Amino acid sequence: MITALDHIAIAVPDFDQAIKRFMEDFGLPFDGTEDVPDAKTSTAFFPLPPTQIELVHPLNGEGPIAGYLEKRGGGLHHLCFRSDNIFEDVERLKAKGYRFLSDAPSPGAHGSQVIFIHPKSCDGVLIEINQPGDEH
Ligand SMILES: CC[C@H](C(=O)O)C(=O)SCCNC(=O)CCNC(=O)[C@H](O)C(C)(C)COP(=O)(O)OP(=O)(O)OC[C@H]1O[C@@H](n2cnc3c(N)ncnc32)[C@H](O)[C@@H]1OP(=O)(O)O
Ligand SMILES: [Co+2]
């Protein structure tokens, strides 16, 4: 089941400038960056209990964030719901007609497993579901 709002993600065109903004201007604790090759995305996390801010930026200029920035510029990108059993939640939501963007979860940040629901299935909002790994 969904147990928490794991993170709110923002797509940023200038990764270093955005990290500086959230760290220095907003004074948020910085949990470091992590490149996620499977997602072709560089991530930066700022814990803000009970959730966190995730900055997302294209890895090597490619991937879904590159496409998003090209078409829309920076902005709110997705919400991530944390699941205690991602396979169960995927099956439950598929049965309700939700359209997933992949057949199975794939590696995400911090050793998590992640899957995405098409924005069209949720009133234009891109939803990620993750199941945390042991790293956090
Ligand atoms: C996994 C590592 C990390 C983590 O937390 O662990 C991450 O979160 S990585 C985040 C980056 N990865 C992804 O975003 C994967 C899922 N995204 C996708 O598969 C695509 O971006 C997709 C399918 C959402 C959009 O693909 P594409 O850009 O090629 O299609 P369109 O531009 O034609 O968009 C189709 C339709 O969707 C609307 N759209 C696109 N992106 C978003 C968004 N972020 N939020 C809301 N809506 C979005 C777009 O406007 C189009 O709508 P339309 O009405 O037809 O204009
Ligand atoms: Co995310």
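Numbering starts at 1 and runs along the sequence shown. Remember, it's a predicted structure, so these values are computed and weren't measured experimentally. Note that ligands are numbered from 1 as they come in the structure, with each ligand's atoms numbered from 1 the same way.
- Counting protein heavy atoms under 4.0 angstrom from atom 31 (P) of ligand 1 gives one or more.
- Nearest heavy-atom pair across I8 and T51 is N-OG1, 4.4 Å.
- In summary, the side chains of H78 and E128 do present a donor paired with an acceptor at a separation below 3.5 Å, with no hydrogens or angles considered.
- At a cut-off of 3.5 Å, with distance as the only test, no side-chain donor of D38 or S106 sits close to an acceptor on the other residue.
- In this structure, G67 does not count as a contact residue of ligand 1, since none of its heavy atoms falls inside 4.0 Å of the ligand.
- The protein atom (non-hydrogen) at minimum distance from atom 33 (O) of ligand 1 is K71 NZ, 4.0 Å.
- The protein heavy-atom contact nearest to atom 7 (C) of ligand 1 is E54 OE2, 3.7 Å.
- Not a single heavy atom of K40 sits less than 4.0 Å from an atom of ligand 1.
- Q52 and D6 share a donor-acceptor pair across their side chains, judged by distance under 3.5 Å alone.
- A donor-acceptor distance shorter than 3.5 angstrom exists from the side chain of D84 to the backbone of M1, with no hydrogens or angles considered.
- Rounded to 10°, the angle formed at the Co ion (ligand 2) by NE2 of H78 and NE2 of H7 is 100°.
- Regarding atom 6 (O) of ligand 1, its nearest protein heavy-atom neighbour is A109 N, 2.9 Å.
- Within the 4.5 Å cutoff, side-chain heavy atoms of E34 are placed close to those of H110.
- The Co ion (ligand 2) has E54 among its coordinating residues (N/O/S atom, backbone or side chain, under 2.8 Å).
- Checking only distances, Y68 never comes within under 3.5 Å of ligand 1, N or O to N or O.
- By the definition of a contact as any protein heavy atom under 4.0 Å away, atom 4 (C) of ligand 1 is in contact.
- With 2.8 Å as the limit, C80 does not count as an N, O or S neighbour of the Co ion (ligand 2).
- The protein reaches atom 42 (C) of ligand 1 closely, with a heavy atom under 4.0 angstrom from it.
- In this structure, the protein non-hydrogen atom closest to atom 40 (C) of ligand 1 is R72 NH1, 3.6 Å.
- The aromatic rings of F45 and H7 stand perpendicular to each other, their planes meeting at an angle above 60°, with 30° marking the opposite boundary.
- In this structure, F100 has its ring center no closer than 6.0 Å to that of H118.
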